[in-house]
Colleague: 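Just dropping this structure here.
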Amino acid sequence: MIARAKITGTGMSVPDRVVRNDELASLMDTSDEWIRQRTGIEERHWIGEGESPATLAQGAARQAIADAGLEERDIDCILLSTLSAQHDFPGTSFFLQDRLDVAEVPCIDLRAQCSGFLYGLSFADSLVRTGKYERVLVVGCEVHSTGLDVSTRGRDVAVLFGDGAGAVVVEPVRDSDDPSGILDVRLHAQGRYAKKLWIEGPSSAQVPARLTHEDVDAGKIFPKMEGRFVFKHAVTRMPEVLREALEAASIKLADVDLFLFHQANLRINEYVAGQLEIPPEKLLHNIQRYGNCSAGSIPMLLAEATRGDRLREGQLVCMTAFGSGFTWASAVVRW
Ligand code: COA
């Protein structure tokens with residue numbers, strides 16, 4: 001009998017190259033002060049020659065698999081969330097699989113942007129609880145740096161994003177006396193606002209060609225965002241879904257030991273924590289060092305929390321995200 005599914009290992013990986021705010025200020029009209037004040041970000045990591053989404057995902061996956069006490073060949077399913085696929089066709093997960101010593105296991109690319117890791121965790125939870133798969137690798141992985149408009153035209157978005165990957169292994173809990181595991185995950189989406197934070201091209205809906213030279217010149221290949229609109233929705237949806245997940249798991253907010261929020265903007269997270277009266281010591285951030293790594297942000301935080309002794313056996317952690325789609329999600333886990 002499978003009582004629950006649980007996260008048995010965590011890992012993360014970022015590129016070596018550190019890009020500080022001052023370096024961005026040499027490329028566009030921005031400043032360290034503006035970026036820190038509005039977002040909390042001080043630096044981020046960008047890939048260099050020889051690095052790729054698959055190499056970052058591999059680094060994170062290897063750590064998570066070792067942390068779970070497993071061998072790579074024990075993994076029986078790969079779920080990888082990303083909005084920055086290594087190649088649109090076929091994605092990233094296949095290139096990750098090729099770098100791991102795993103069998104011909106299924107590879108699934110998931111597309112839920114900054115909520116992507118929690119979407120992946122939810123599907124892994126279902127796959128493991130139903131007995132379909134037993135050792136699912138869930139990865140959140142982004143390389144934003146190669147797709148940013150680093151001129152002043154793109155400064156509102158370019159300063160926010162970083163490259164990075166986080167991974168976990170999800171396995172069954174068979175002992176009914178073991179209280180640890182994924183207690184609940186709640187997922188939502190609202191396609192009405194898909195164009196508030198998106199990349200217009202290439203688009204397979206554009207006839208006769210999904211990308212033209214004119215599209216490239218017009219900057220359609222870069223992410224666009226209505227920042228204030230996104231901010232407003234994030235600070236509404238995050239508390240909403242967080243409360244929903246806690247209620248579904250029959251957990252009181254005050255009993256949660258650690259809150260891990262998607263790292264889009266320090267101000268968003270402080271605002272949400274303030275609304276919910278979450279004390280600052282229960283909230284962990286790493287946006288200062290990594291920027292917004294979209295699907296990578298939450299599993300990277302989780303990897304840091306477990307290694308830094310911020311999350312110990314028996315403790316409750318609540319992870320909450322908001323992002324493009326729009327998508328939003330929250331998970332409650334007993335460690
Ligand atoms: N450096 C300097 N100035 C910048 C800038 C930058 N990198 N980016 C924008 N500006 C300027 C704008 O041009 C504008 O100038 P103006 O007043 O002369 O027109 C001014 O700063 C204010 O811009 P605005 O977009 O209104 O700033 P803001 O206070 O809304 O902050 C964000 C911008 C992006 C930090 C904020 O909207 C935000 O965090 N939004 C949500 C982001 C998010 O969560 N995204 C990912 C979701 S997963």
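For ligands, and for the atoms within them, numbers begin at 1 and follow the listed sequence. Quick note: numbers below take in every heavy atom, side chains included, and nothing from hydrogens, waters or symmetry partners. Residue indices begin at 1 and follow the sequence shown.
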Colleague: Does Arg111 form a salt bridge (charged side-chain N to carboxylate O under 4.0 Å, His left out) with Asp109? I'd like the steps, not just the answer.
Modeller: CA-CA 7 Å; Arg111 299 287 303 266; Asp109 270 48; over 6 Å; no
Colleague: Could you work out, with side chain to side chain donor-acceptor pair (under 3.5 Å) as the rule, every residue matching Tyr290, not counting sequence neighbours?
Modeller: Glu304
Colleague: If you measure only the distance, is there a donor-acceptor pair under 3.5 Å linking the side chains of Arg135 and Thr8?
Modeller: no
Colleague: Any luck finding a side-chain donor-acceptor pair between Glu142 and Asn292 under 3.5 Å?
Modeller: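 Asn292 and Glu142 do not have a side-chain donor-acceptor pair below 3.5 Å.
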Colleague: Donor-acceptor pairs are to be reported for all side-chain atoms of residues 319-329 against protein atoms at under 3.5 Å, with residues two or more places apart or in another chain.
Modeller:
residue : atom : partner : partner atom : Å
Thr320  : OG1  : Ser330  : OG           : 3.0
Ser324  : OG   : Leu197  : O            : 2.9
Thr327  : OG1  : Ala112  : O            : 3.2
Thr327  : OG1  : Ser115  : OG           : 2.9
Thr327  : OG1  : Ser324  : O            : 3.1

Colleague: May I have all residue pairs that pass ring pair (Phe, Tyr, Trp, His ring centres under 6.0 Å) and include part of residues 22-41, sequence neighbours excluded?
Modeller: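 Residue pairs with at least one partner in residues 22-41: there are none.
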Colleague: Which protein residues have a heavy atom closer than 4.0 Å to any atom of ligand 1, listed by chain and number?
Modeller: Asp29, Thr30, Trp34, Arg38, Thr39, Cys114, Arg155, Asp156, Val159, Leu197, Met225, Gly227, Arg228, Val230, Phe231, His262, Ala264, Asn265, Ile268, Asn292, Phe322, Gly323
